[in-house]
Novice: 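Provided herewith is a single structure, encoded as C-alpha cells, for subsequent inquiry.
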Amino acid sequence: EDGQITEPYSISAGLDYPGVGPEHASLHDSGRVEYRSVTDNEALEAVSRLSKKEGILPAVESAHAVAEALKEAAKMSTDENLVICLSGRGDKDVHTLMERFGSERDEQTLSTVD
Amino acid sequence: MNKRFQQSIENGKRPLFIPFITAGDPSGEATVDIAVTLQEAGANAIEIGIPYSDPLADGKVIQAASGRALDGGMTLKKAMELVPEMRKKGVEIPIIVFTYYNLLLQLGEDQFFQLAEDCGVDGLLVPDLPFEESEDLFMTAKSFNLPLISLVAPTTSSERLKKIVSNAAGFVYCVSSLGVTGVREGEFKPEVYEFLAEVKKYSRVPVAVGFGISSAGQIEKLRNHCDGVIVGSAIVREISNLENELRNRDSRSQALERLKEYLLSLTGRTMTI
C-alpha cells in the first residue's frame, strides 16, 4: 500500500515478475481478453503430457497455456477448434524438469554436470 | 530559490558536501541524530533516501540499508515526519528527499508537496523518473517552491544534457560513472572531467557529482571541476558498521562521534558547531 513491490513467485522465470504490461492491462480492462491462472504443478504436468504425446517440449511458461487449454478442450466438442500459442521451447527448462520428474540416474547426471 | 538552498548551497563553501543516508537505517530515531551529526561535520545539505523494495539504481550497500529500514517499517511518510524532529534538534541545512517514483505515486504528488511544506523538506529527487516524463512533477514542485533535482550521467546525450541542465533547479546531480551506487576505489575516468565541464557550461545552478566517492583523495581531484560532492555508500557503509551501537540509545553518542571522525577524515572540514 505504500508502493513497495510485492514479492512475486512462479516456477517459470518468465512469469516470476510483479508487473503487468500496459497492453495486457488495457486488454483486461476492456474485456477483450480473459486472464486465468495455472499452478506450477498444472504447468509441469502439461509439459510432460505435451512432450510425451506430441514430442514437443514446451517452455514452462508456455505450458501454462497448454494446461488451461486442456481444461478448456475437455468442455468442447471434437468439431470445435482451439488454438494454443506455444510461446517458447523448453530446452532452457531441462534442469527444472529433471528436478521434478527425474529419477536416481538423473540425480547422478545433475551432480556431474557442474 | 528556497531560503535554505540559497544559504547553504548557492552560498555554501566549495566544495559542497552533500551526504546521503537511508531513512530508518538502523532506525528512525538514529536517523534524526545522524542528521545532526552530518550538519556538525559540515554538510551543506542532506539527502534522505527512502527505502524501496526494488532500488534499481543502488548497489549492495544501499540495497542492504533499504532492507534494514523496510524491516523496521520505514515509509516515505514516516521518513518525512522525521524532518521536523531534525529541525527541532537544530538541523538548519536543506533536506532533500530521494525516492523512487512508485512510492511518491502511491502517496500522491500533491500530498507529498503538502507534507514537504509542513515538515520542512526542501527538495526532491526521483532517480527513476526520466526527464521526458517529469514535466508535470517539475511544474508542481515549482509551484511549491521546492526544487526537483535533475540527474545526468556520462551516458546522457549532449542534446538531452543541454536540455536537462539548462532547466535544472536546486543543483545538478552528475552521476560519476556507469552503473549503480557503490564505493569505487581509485581514480575516476578522465571522461568524468569532460562530462562535468559540459554540465558546468550549461548549468545556472551548482553542479554536484556523486556515485562512488569514498576518499579524501577523490574529493580533492574533483573539487576544481564541480561545485560539490555527494557521498552515499561510503557513509551508509560506515553506518552499517555501527548498526548496533546506533540502535541503542546508550551507545549512540559514542557511535555518532566515530561517524563524525570518519566524515571529517573524508572531507577535511572542521566542525561548524
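Since the structure is predicted, the reported quantities are computational estimates derived from the model, not experimental observations.
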Novice: Between A:Glu1 and chain B, which part of the residue has a heavy atom less than 4.5 Å away: side chain, backbone, both or neither?
Specialist: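 It is the backbone, since no side chain atom gets that close.
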Novice: So what's closer than 4.5 Å to chain A heavy atoms on B:Leu104: side chain, backbone, both or neither?
Specialist: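 For B:Leu104, there is no contact with chain A at all, as no heavy atom is under 4.5 Å.
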Novice: Are there more than 12 heavy atoms of other residues, nucleotides or ligands under 6.0 Å from atom CD of B:Glu132?
Specialist: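 Buried by this count: over 12 neighbours within 6.0 Å.
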Novice: Under 6.0 Å from the CZ atom of B:Arg247, do we count more than 12 heavy atoms belonging to anything else shown?
Specialist: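 More than 12 heavy atoms, drawn from other residues, nucleotides or ligands, come within 6.0 Å of this atom.
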Novice: Are more than 12 heavy atoms from other residues, nucleotides or ligands located less than 6.0 Å from atom NZ of A:Lys92?
Specialist: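 It does: A:Lys92 NZ has more than 12 such atoms within range.
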Novice: Give, as side chain, backbone, both or neither, the part of B:Leu105 having an atom under 4.5 angstrom from any heavy atom of chain A.
Specialist: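 Contact with chain A involves no heavy atom of B:Leu105 at all.
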Novice: How close do B:Leu103 and A:Asp2 get, counting heavy atoms only, and between which atoms?
Specialist: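 In this case the closest contact between B:Leu103 and A:Asp2 is CD2-O, 3.4 Å.
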Novice: Return yes if some donor-acceptor pair links the side-chain N/O of B:Ser53 with the main-chain N/O of A:Gln4 below 3.5 Å, else return no.
Specialist: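 No; judged by distance alone, with no hydrogens or angles, the pair does not exist.
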Novice: Counting only heavy atoms not in A:Lys75 (residues, nucleotides, ligands), do more than 12 fall under 6.0 Å from its NZ?
Specialist: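 Count over threshold, so yes.
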Novice: CG of B:Asp136: more than 12 outside heavy atoms within 6.0 angstrom?
Specialist: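 Check fails, neighbour count at 12 or below.
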